[in-house]
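Single-structure report; data block below.
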Amino acid sequence: MNRMNIRFDQIIMPVVGIVLGGYLVARPWSATGAICSLIGWLILLSGVAGIISAAAFRRATLLSDPFLPLSVAGAVLGLFIVTRPTILVEIVGMIICVFLLVEGVNSVQNAIQRQRWGDSLWWLPLIVGIVCLLLGLAALFAPVASTAMMMRLIGISLIVSGVVNLLALFVRTH
């Protein structure tokens, strides 16, 4: 394979991943706010589209659309998220908190089981469990910061993935 066989999309996607990853690492607060606002806009537009569809359905059939209450709720929820995206950031932080706490408890239980079975490496899941529990407790008291941490981790993974894909692409061509 030579250089002429490299397609533009094989280069652009890893580069976009690296740039996006860099943005997530450098500005996790802005990125989180932008993503939450985008989610709010999508929910709002979906709700408004459902309301318009329900109005058209009623006009066409003289019946009420059973999804009208869901559409109105979606529009209200979307508007709420658009005007207060930090609420969604806190919710994401709490989801991270719950995940870390559950994973921590599971790892500690796994360590106890492995110790009972006589496994010499029982202490590894114990350490992972304790770290997860500590991170989960930190996320409980600082959900916005935990969301920023997750954004940074996602950014780092995007950067690493983009670099690996570019290296693989150029190594293949020689």
Side-chain angles (χ1 to χ4, degrees), residues 12-51 67 69-117 119-168:
I12 196 70
M13 290 310 293
V15 170
V16 167
I18 292 168
V19 170
L20 180 60
Y23 180 70
L24 291 176
V25 169
R27 310 219 10 135
W29 309 106
S30 299
T32 303
I35 290 170
C36 290
S37 291
L38 175 65
I39 291 170
W41 279 107
L42 291 173
I43 293 171
L44 175 64
L45 292 175
S46 175
V48 169
I51 292 168
F67 293 110
L70 290 175
S71 299
V72 171
V76 170
L77 178 64
L79 185 61
F80 182 73
I81 293 172
V82 166
T83 58
R84 292 177 184 85
T86 56
I87 296 294
L88 190 56
V89 173
E90 289 181 14
I91 291 170
V92 170
M94 292 309 293
I95 291 170
I96 293 168
C97 167
V98 168
F99 173 78
L100 287 170
L101 291 173
V102 168
E103 182 59 32
V105 169
N106 284 338
S107 290
V108 169
Q109 287 177 337
N110 186 7
I112 292 168
Q113 280 298 103
R114 289 176 71 166
Q115 185 183 30
R116 286 183 187 153
W117 295 336
D119 188 350
S120 62
L121 296 176
W122 63 270
W123 53 272
L124 285 174
L126 180 66
I127 291 173
V128 169
I130 291 170
V131 168
C132 284
L133 285 170
L134 291 174
L135 288 172
L137 289 173
L140 178 66
F141 295 108
V144 175
S146 65
T147 303
M149 177 189 69
M150 288 304 296
M151 289 303 238
R152 283 192 171 113
L153 291 174
I154 292 168
I156 290 168
S157 70
L158 284 171
I159 291 169
V160 169
S161 175
V163 168
V164 166
N165 287 337
L166 282 177
L167 288 174

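What you see below is based on every heavy atom in this structure, not just the backbone, and it leaves out hydrogens, waters and symmetry mates.
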**Message:** Within the 4.5 Å heavy-atom criterion, are T32 and C36 side-chain neighbours or not?
**Reply:** yes

**Prompt:** Judged by atom type as modelled, is there a donor-acceptor pair below 3.5 Å linking the side chain of S46 to the main-chain atoms of L42?
**Reply:** no

**Message:** Working note: M151 + V25, criterion side chain to side chain contact (heavy atoms under 4.5 Å, CB included); need CA distance, chi angles, decisive distance, verdict.
**Reply:** CA-CA 7 Å; M151 289 303 238; V25 169; over 6 Å; no

**Message:** How close do P85 and G33 get, counting heavy atoms only, and between which atoms?
**Reply:** CB-O, 4.2 Å

**Request:** Calculate, to the nearest 0.5 Å, the distance between atoms CH2 and OG belonging to W122 and S120 respectively.
**Result:** 11.0 Å

**Asked** Could you state the interatomic distance from CG (L88) to CD1 (I43), rounded to the nearest 0.5 Å?
**Response** 7.0 Å

**Asked** What is the distance from atom CE of M149 to atom CG of L135, rounded to the nearest 0.5 Å?
**Response** 5.5 Å

**Complete:** So side-chain hydrogen bond (donor to acceptor under 3.5 Å, both in side chains) across residues 98-115, not counting sequence neighbours, yields E103-S107, Q113-R116, R114-D119

**Prompt:** Between I81 and I87, is any pair of side-chain heavy atoms under 4.5 Å apart?
**Reply:** no

**Message:** Do L101 and L137 make a side-chain contact, defined as non-hydrogen atoms from C-beta onward lying under 4.5 Å apart?
**Reply:** yes

**Request:** Please say whether more than 12 non-hydrogen atoms of neighbouring residues, nucleotides or ligands are located less than 6.0 Å from OH in Y23.
**Result:** yes

**Message:** Using the side-chain contact (heavy atoms from CB on, under 4.5 Å) definition, which of the options V164, I159, N165 pairs with S161?
**Reply:** N165

**Item:** Shortest non-hydrogen contact from C97 toward G136
**Value:** SG-O, 3.3 Å

**Prompt:** When rounded to the nearest 0.5 angstrom, what is the spacing between CE in M13 and CG in L20?
**Reply:** 9.5 Å

**Message:** Distance check, rounded to the nearest 0.5 Å: T147 atom OG1 versus I154 atom CD1?
**Reply:** 9.5 Å

**Asked** Can you name the residues that form a side chain to side chain donor-acceptor pair (under 3.5 Å) with R84, not counting sequence neighbours?
**Response** none

**Message:** Could you tell me if the side chain of L166 sits less than 4.5 Å from the side chain of I18, heavy atoms only?
**Reply:** yes

**Asked** Could you give the distance from CD1 (I51) to CG (L70), rounded to the nearest 0.5 Å?
**Response** 11.0 Å

**Asked** Where is the tightest heavy-atom contact between S146 and I96, given as atom of each residue plus distance?
**Response** O-CD1, 3.9 Å

